[in-house]
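Proteins get letters first, then strands, A, B, ... in listed order; numbering begins at 1 in each.
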Amino acid sequence: MGTAMGEETFSCPMSREAVVDTYFIEHRAKLIDLAAFLDRVDRARSEKDGEDFRLTAMKRAIAVLLDNQPHRARRILDIFSDHTTELPQTAAGMKGAAGAARV
Amino acid sequence: MQYIDPHIHMVSRTTDDYQRMAQAGCVAVTEPAFWAGFDRSSPQGFYDYFRQLTEFEPRRAASYGIRHFTWLCINPKEADDPAFAREVIELIPSFLDRPNVLGIGEIGLNKNTKNELIILEEQIALASKYNQLILVHTPHLEDKLKGTRLIMDAIKRNGNIDPGRVLIDHVEEHTVQEVLDRGYWAGMTLYPDSKCTPQRAADIIEMYGSERIWINSAGDWGHSDPLAVPKARLEMTRRGHNRATIEKISFENPRTFLSQCDKFRI
C-alpha cells in the first residue's frame, strides 16, 4: 500500500539551504499577507455572532504549520475538507465552494 | 523538449496562446468538454459545442503544428438536471467515431449531489458500452476529498472499467495517494493561484513519484495559464530534477495513457 516517500527521505534534489534561498522571500510575503488578513478581520465589525467557520478552520490549519510533523499540505487540505457522507439531491440553491467545510 | 498539455480548454483561448504554446514545445493538446461559464439553454447548444471540438478546433490547432484531441460528455456542473443531461448524453455516440475523440470526459462531480452522481454513473456506463477512455473532473476546494472517493466508488461499482484506462484529474496532496493506490492515473492541474501551483506539483512528484501521473494547465476562460506545463517543467529543472523525470510527467506519461486510444498519434 502506498508509493509515498516521506518528506524525511530527502526526495527534494535541492539542499535545504538552497530551498530556503530560493523560496524564503516568496513565502515570507505569503505569511505577512496571512497576518495582514487576520488583522483586517479583527479590525472589521462583525454582523453575526460567533466566528466564521472558515476562520476556525484556518486557525486549525495554522497550528499544523508549527507541529513539526510531515505532510503539512495534505493535513491542512484534510482540515478544510468536507468529511460528511450525506448527499444532497440537487445543487439547486447551493452556493459555490466556500474553501472550508461547515462543521 | 516537447510536451503535451492533456487538459486545456482551447475554445476559450486565443490563437496567440496556440502560438506561445507551440513556441514552448507543445505538440499536442487534449480538450475535455466542460462548463462554458454559463449554463446552456438546450441540448442543441451542446451539439454545436461538440462540433466545435471535433471540427473547428483541430484545424485551428493544426495551423500552429499542434495536434488537437478531445473528450465528450455533459460536464458535472450542468449535469444536476438528469432529464436535460440525458438528452445531451444521447448526442454523444454519434460523435465518438470522429478522428480526434479520445473518450468520455471530463465527467465527475461538482457539488457531490445525488443528481450529479446519477448522471456520472450513466456516463461511466456509456464509456463502458463504447469501450472509451475516461477523463474525470474532481470537485474543487472542500468538496474534492469526498467527491474523489464518490467518483472512484462509482467507477468500481460499474464493474467493467479498468482503472488503468481512467485519469482522475485535479488531484492534490490529500487525494493523490488514494487515486494511485486504487490503480487510476492521476492528473495535477496547475493554477496561477488558489489551487495546485507548479511548485506544489513538483513537491507531489518528489513525494509520490512519477508513475501514472501527469501535469496539465486546464487553461480556460477564467484566471488560468496556458503555459503552466512548461512553467512546471522549469520549476523542476530549477530544483535539479533530471531530464528523464521531467519528460516523463509532461510527455511520456500522457502519451502512454492516451495511446490506449488508437486515435491518439503524435
Asker: What residues of residues 95-103 of chain A sit under 4.5 Å from chain B when only non-hydrogen atoms are counted?
Answerer: A:K95, A:G96, A:A97, A:A98, A:G99, A:A100, A:A101
Asker: Using a heavy-atom cutoff of under 4.5 Å, enumerate the residues of residues 31-39 of chain A that contact chain B, numbered in order, or state 'none'.
Answerer: none
Asker: Taking atom CD of A:E86 and atom CG of B:N112, what is their separation to the nearest 0.5 Å?
Answerer: 12.0 Å
Asker: Shorter than 4.5 Å, heavy atoms on both sides: which option in B:M236, B:R238, B:K77 has the most such pairs with chain A?
Answerer: B:R238
Asker: Given A:L87, which partner from the list B:N115, B:L117, B:T113, B:L109 fulfils the side-chain contact (heavy atoms from CB on, under 4.5 Å) test?
Answerer: B:L117
Asker: Looking at B:E142, is its backbone amide N or carbonyl O close enough to the side chain of A:D82 to form a donor-acceptor pair, meaning the two atoms are under 3.5 Å apart?
Answerer: no
Asker: Between A:H83, A:R75, A:R74, A:Q89, which shows the greatest number of heavy-atom pairs under 4.5 Å with chain B?
Answerer: A:Q89
Asker: Which region of A:M14, side chain (C-beta onward) or backbone (N, CA, C, O), has a non-hydrogen atom less than 4.5 Å from a non-hydrogen atom of chain B, or is it both or neither?
Answerer: both
Asker: Can B:K146 and A:T84 be counted as having a side-chain donor-acceptor contact under 3.5 angstrom?
Answerer: yes
Asker: Against chain A, label B:R149 side chain, backbone, both or neither, depending on which of its atoms sit under 4.5 Å from a heavy atom there.
Answerer: neither
Asker: Non-hydrogen atoms of chain A under 4.5 Å away: do they reach the side chain of B:L150, the backbone, both or neither?
Answerer: side chain
Asker: Would you mind checking which part of B:Q199 comes under 4.5 Å of any heavy atom in chain A, side chain (CB onward), backbone (N, CA, C, O), both or neither?
Answerer: side chain
Asker: CG/A:L77 to CG/B:L145 distance, rounded to the nearest 0.5 angstrom?
Answerer: 9.0 Å
Asker: Only pairs of heavy atoms separated by less than 4.5 Å count here; which of A:S81, A:A18, A:P88 has the most with chain B?
Answerer: A:P88
Asker: Is it the case that over 12 heavy atoms from other parts of the model lie below 6.0 angstrom from the CZ atom of B:R157?
Answerer: yes
Asker: Kindly indicate whether the side chain of A:H71, heavy atoms from C-beta on, has any atom under 4.5 Å from the side chain of B:M207.
Answerer: yes
